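Remember, predicted model here, so these are calculated numbers, not experimental data.
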Amino acid sequence: MTLYHFGNCLALSYIPFWIVYKYCGLSEYGAFWKCVQAGGVYALTQLGKMLLLATFFPTSGDYSQDDPDNFSPLQELLKCTVDLIDLIGLSVVMSRIAGKGHTKVLIAGLGWAGAELVLSRLLVLWVGARGTEFDWKYIQKSFEANISIVHFLSVTALVWLHSRHDLPKQLLPAVIILIGFHSYKSVICDMISHVMHMYSWSLLAFKAVFSLTMALIVLHIYGGVATLAT
């Protein structure tokens, strides 16, 4: 039964990645190893972020649902600023990928999200989902992995848009604002959770709606710029 639960969580986490890879045309480009390379860059950026956090925030505790009183908005905001390193990493990945814009965005975004899943959630699922007691939180973590796909593809598209020299000037402020929303998504969700007392499934639903709304806005901008580019 425990292996069955673990298998369900693993399938819920990984099958969406396979669907995106298969049906967005990446399999035709043989882009698997490029996605792996993007994941390698993700790992290096996370190492750099860990060193910065350990240097400048050595005694700070992360906000969690188990301890909602341990929340400092300023401290969380400063810690999220370190996540801007991800933008540099994504830019480096896309600069090394030959092809059209949508190919670069898909490879970098999918590789980034896949590496985040492997490094952040796989061990948790392996240890926890195979436990003797069923717990919904591992199903929630699997759903969070799906939300991460949408989030990282949106961030990657925004980085690509910001790097375009032909981006209309009137769209530049919108792109920068959206990058800010995506970069500080975790602290925004933590603040909403703390103020509105949203936890568990309600918080997961908010994250899904937030990410999907931002993704639709990014898609609208990206579609317009991509059309002009062609």
>> To check you understand the geometry: which heavy-atom pair defines the closest contact between Ile97 and Val93, and what is its length?
In response: CG1-O, 3.2 Å
> In Å and rounded to the nearest 0.5 Å, what is the CE to NE2 distance from Met214 to His182?
Replying inline: 6.5 Å
> Going from CG on Leu125 to SG on Cys9, what distance comes out if it is rounded to the nearest 0.5 angstrom?
Replying inline: 5.5 Å
> What's in the same ILVMFWY side-chain cluster as Leu219, cut-off under 4.5 Å, chained through other members?
Replying inline: none
> Can you get from Ile19 to Leu26 by hopping between Ile, Leu, Val, Met, Phe, Trp and Tyr side chains that sit under 4.5 Å apart?
Replying inline: no
>> Taking Val41 as the starting point, is it possible to reach Phe32 by hopping between hydrophobic residues whose side chains are less than 4.5 Å apart?
In response: yes
> Are side-chain heavy atoms of Ile176 and His162 found at a separation under 4.5 Å?
Replying inline: yes
> Any chain of hydrophobic side-chain contacts (each under 4.5 Å) joining Trp33 to Leu90?
Replying inline: yes
> Hey, what do you get for OG1 (Thr156) to NE2 (His151), rounding to the nearest 0.5 Å?
Replying inline: 9.0 Å
> Under 4.5 Å between any side-chain heavy atoms of Lys207 and Phe143, yes or no?
Replying inline: no
>> Once salt bridge (Lys or Arg N to Asp or Glu O under 4.0 Å) is applied, what residue pairs with a partner in residues 94-103 remain, sequence neighbours excluded?
In response: none
>> So, taking the atom named OH in Tyr138 and the one named CG in Leu12, what distance separates them when rounded to the nearest 0.5 Å?
In response: 15.5 Å
> Which pair of non-hydrogen atoms, one from Thr45 and one from Gly89, has the smallest distance, and what is that distance?
Replying inline: CG2-CA, 4.0 Å
>> Is it the case that atom NZ in Lys185 sees more than 12 heavy atoms from other parts of the structure closer than 6.0 Å?
In response: yes
> Going through the checks in order, is the side-chain contact (heavy atoms from CB on, under 4.5 Å) test met by Val175 and Ile179?
Replying inline: CA-CA 6 Å; Val175 170; Ile179 288 176; 4.0 Å; yes
>> Tell me whether Ile188 shares a hydrophobic cluster with Leu212, the cluster being built from Ile, Leu, Val, Met, Phe, Trp, Tyr side chains joined at under 4.5 Å.
In response: no
> Under 4.5 Å between any side-chain heavy atoms of Ile85 and Leu52, yes or no?
Replying inline: yes
>> To check you understand the geometry: which heavy-atom pair defines the closest contact between Tyr21 and Ala31, and what is its length?
In response: OH-N, 3.6 Å
> Rounded to the nearest 0.5 Å, what separation is found between the CZ atom of Phe210 and the CD1 atom of Ile192?
Replying inline: 9.0 Å
>> For residues Leu110 and Val150: do they belong to one hydrophobic cluster (side chain heavy atoms under 4.5 Å, members Ile, Leu, Val, Met, Phe, Trp, Tyr)?
In response: no
> Which pair of heavy atoms, one from Ser13 and one from Leu117, lies closest together, and at what distance?
Replying inline: O-CD2, 3.8 Å
>> side-chain contact (heavy atoms from CB on, under 4.5 Å) for Trp160 and Leu167? Distances and angles first, verdict last.
In response: CA-CA 10 Å; Trp160 180 82; Leu167 178 70; over 6 Å; no
>> With a 3.5 Å distance limit and no angle check, can you tell me whether Ser193 reaches the backbone of Cys189 through a side-chain donor-acceptor pair?
In response: no
> Between Ala38 and Gly111, what is the shortest heavy-atom contact and its length?
Replying inline: CB-CA, 4.1 Å
> Does some side-chain heavy atom of Leu158 sit less than 4.5 Å from a side-chain heavy atom of Leu87?
Replying inline: no
>> Quick one about Lys34 and Gln37 (side-chain donor to acceptor, distance below 3.5 Å, no hydrogens or angles considered), yes or no?
In response: no
>> Does Phe206 have more than 12 heavy atoms from other residues, nucleotides or ligands lying within 6.0 Å of its CZ?
In response: yes
> Quick check: does any side chain N or O of Ser183 sit under 3.5 Å from a backbone N or O of Gly180, one acting as donor and the other as acceptor?
Replying inline: no
> Side chain of Thr55, backbone of Leu51: donor and acceptor closer than 3.5 Å?
Replying inline: yes
>> Determine whether Trp112 and Val155 satisfy the following criterion, side-chain contact (heavy atoms from CB on, under 4.5 Å), listing intermediate values before the conclusion.
In response: CA-CA 10 Å; Trp112 211 262; Val155 172; over 6 Å; no
> Do Ser142 and Tyr14 meet the criterion of a side-chain donor-acceptor pair at a distance under 3.5 Å?
Replying inline: no
> Where is the tightest heavy-atom contact between Val218 and Ala157, given as atom of each residue plus distance?
Replying inline: CG1-CB, 3.8 Å
> What is the distance from atom NE2 of His220 to atom CG of Leu171, rounded to the nearest 0.5 Å?
Replying inline: 8.5 Å
>> Contact between Ser148 and Arg121 at the side-chain level, heavy atoms closer than 4.5 Å - yes or no?
In response: yes
